[in-house]
Protein chains: 2
Amino acid sequence: MARRKTSQFDPLARDLADFAKAMSHPARITIVKLLQDSDGAFCGQIVNALPLAQPTISQHLRELERVGIITATPQGPRICYRLNRSRIRNFCHAFSETLGTANEKQQARAKARA
Amino acid sequence: MARRKTSQFDPLARDLADFAKAMSHPARITIVKLLQDSDGAFCGQIVNALPLAQPTISQHLRELERVGIITATPQGPRICYRLNRSRIRNFCHAFSETLGTANEKQQARAKARA
DNA sequence: TTCTATTAACGTATATTTACGATATACAAT
DNA sequence: ATTGTATATCGTAAATATACGTTAATAGAA
């Protein structure tokens, strides 16, 4: 057994889970923080900043790109990675909604039940 | 190879990644949403609401409990699961900080570099 | 005590992730 | 063309995650 059943869940839940998955490794969190401070960095700079080999970083970057957290733009022989801030904002908002930290009505409802 | 290197990253990054990991499966997202609306549910109710077997749900609940997203309180023969809303709020806030969606200064800096 | 209901724990099959060496590819300069 | 630099891709080993059948543990009911 172990046939994945993720397709049985609703698309929003799958989407949020997918975004969370992309953020579920400390290397990827670190990359995002790094890009946040520098507003764009080449792959080599990221490799130098983290304790992982180049192919591993490349793999992590691909995962971040897959869900749209970062964008990649070739510049000559190298590639510049940048945060997609609006996409991140959207996800953060969706997350807060789902987790109930951005919804006054929810707090009220919860209080009413208590 | 594949000796995990997570210990080489800073504790905050590890913590955020760990929280994200807990939210990285649609079943767990769905459970959180369910608890949000009902303010507490027994394991059996959750099992009935999701397309997964009881042991699998139990496993997912343990993961959510591990990072403090939910709490478990026995009530007779059953166990009531509840959201830990303040913990979730804290994490959401830390996330927004890290992702730069909650920081005016950051936006200003980014704009200045552009 | 014995039965039933509820949930956790164990064991295990399969799938996915992580990490990296080796290699390929793309571009620039010589 | 050749060389060097930067990054992706391939292949693969080890670690983890997912899913569930089976079994154990616990609490209350009969």
Side-chain angles (χ1 to χ4, degrees), chain A residues 1-9 13-14 17-31 34-35 40-67 69-82, chain B residues 1-9 13-14 17-31 34-35 40-67 69-82:
Chain A
M1 307 97 209
R3 316 282 164 77
R4 292 288 139 108
K5 293 199 166 179
T6 62
S7 60
Q8 312 231 16
F9 294 91
R14 278 195 279 163
D18 208 40
F19 175 76
K21 184 155 72 67
M23 300 301 293
S24 74
H25 193 287
R28 295 196 287 268
I29 295 275
T30 305
I31 291 171
L34 192 150
L35 291 179
F42 297 120
C43 177
Q45 298 178 287
I46 298 170
V47 171
N48 288 335
L50 303 208
L52 295 171
Q54 177 266 318
T56 307
I57 297 290
S58 209
Q59 204 170 242
H60 283 308
L61 288 170
R62 228 174 8 139
E63 173 69 5
L64 289 172
E65 205 185 345
R66 183 182 67 79
V67 295
I69 293 177
I70 63 174
T71 60
T73 36
Q75 280 181 22
R78 45 195 107 174
I79 296 180
C80 186
Y81 287 97
R82 274 181 247 272
Chain B
M1 304 97 211
R3 317 282 164 79
R4 293 291 141 103
K5 292 197 164 178
T6 62
S7 61
Q8 313 231 16
F9 293 92
R14 279 195 278 164
D18 208 40
F19 175 76
K21 184 156 71 65
M23 300 301 292
S24 74
H25 192 287
R28 294 194 289 265
I29 296 275
T30 305
I31 290 171
L34 192 150
L35 291 180
F42 298 120
C43 178
Q45 297 178 287
I46 300 171
V47 171
N48 287 337
L50 303 208
L52 296 170
Q54 176 267 318
T56 307
I57 297 291
S58 208
Q59 207 171 240
H60 284 308
L61 288 170
R62 234 183 355 147
E63 173 69 6
L64 289 172
E65 204 185 346
R66 184 183 65 79
V67 296
I69 293 176
I70 63 173
T71 60
T73 35
Q75 280 180 21
R78 43 195 110 173
I79 296 179
C80 185
Y81 288 97
R82 274 181 247 271

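Chain A is the first sequence line, chain B the second, and so forth, proteins listed ahead of strands; every chain is numbered from 1.
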Exercise. Between the side chain of S58(A) and the main-chain N/O of Q54(A), is any donor-acceptor distance below 3.5 Å?
Worked result: no
Main-chain N/O of K21(B) paired to R28(B) side chain as donor or acceptor, under 3.5 Å: yes
Hey, what's the ring geometry for H60(A) with H25(A), parallel, tilted or perpendicular (30° and 60° as the breaks)? tilted
Q) Is there a side-chain contact (heavy atoms from CB on, under 4.5 Å) between L35(A) and R82(A) once you walk through the steps? A) CA-CA 6 Å; L35(A) 291 179; R82(A) 274 181 247 272; over 6 Å; no
Checklist entry - Would the number of heavy atoms belonging to other residues, nucleotides or ligands and lying under 6.0 Å from CZ of R62(B) be above 12? => result no
note: Q45(A), atom CD; dT5(D), atom P; distance rounded to Å ~ 17 Å
note: R3(B), atom CZ; dG21(C), atom P; distance rounded to Å ~ 12 Å
note: D18(B), atom CG; dT16(D), atom P; distance rounded to Å ~ 13 Å
Testing dC27(C), dT7(C), dA8(D) for proximity to the side chain of F42(B), the answer is dT7(C)
Whole-Å distance, I70(A) CD1 to dT7(D) C1', equals 13 Å
Here the distance between atom C1' of dA6(D) and atom CD1 of I46(A), to the nearest Å, is 13 Å
Separation of dC20(D) atom C1' from Q8(A) atom CD, nearest Å, is 14 Å
In whole angstroms, the gap separating P of dA17(D) from CD of E63(B) amounts to 7 Å
Note: contacts of residues 50-62 of chain B with DNA chain C (heavy atom, under 4.0 Å) are Q54(B), P55(B), S58(B), R62(B)
*asked:* Determine whether a donor-acceptor pair (N or O, by modelled atom type, separation under 3.5 Å) exists between the side chain of R14(A) and the backbone of F9(A).
replied: yes
Testing dA19(C), dA15(C), dT7(C) for proximity to the side chain of R4(A), the answer is dA15(C)
5'-most contact on DNA chain D (nearest-nucleotide basis), F9(A) vs R78(A), goes to R78(A)
Note: for K21(A) and C43(B) on DNA chain C, the residue whose nearest nucleotide lies more 5' is C43(B)
Validation row: I79(B), C43(B) side chains within 4.5 angstrom (heavy atoms): no
Taken to the nearest whole Å, CZ/R14(B) to P/dT18(C) is 16 Å
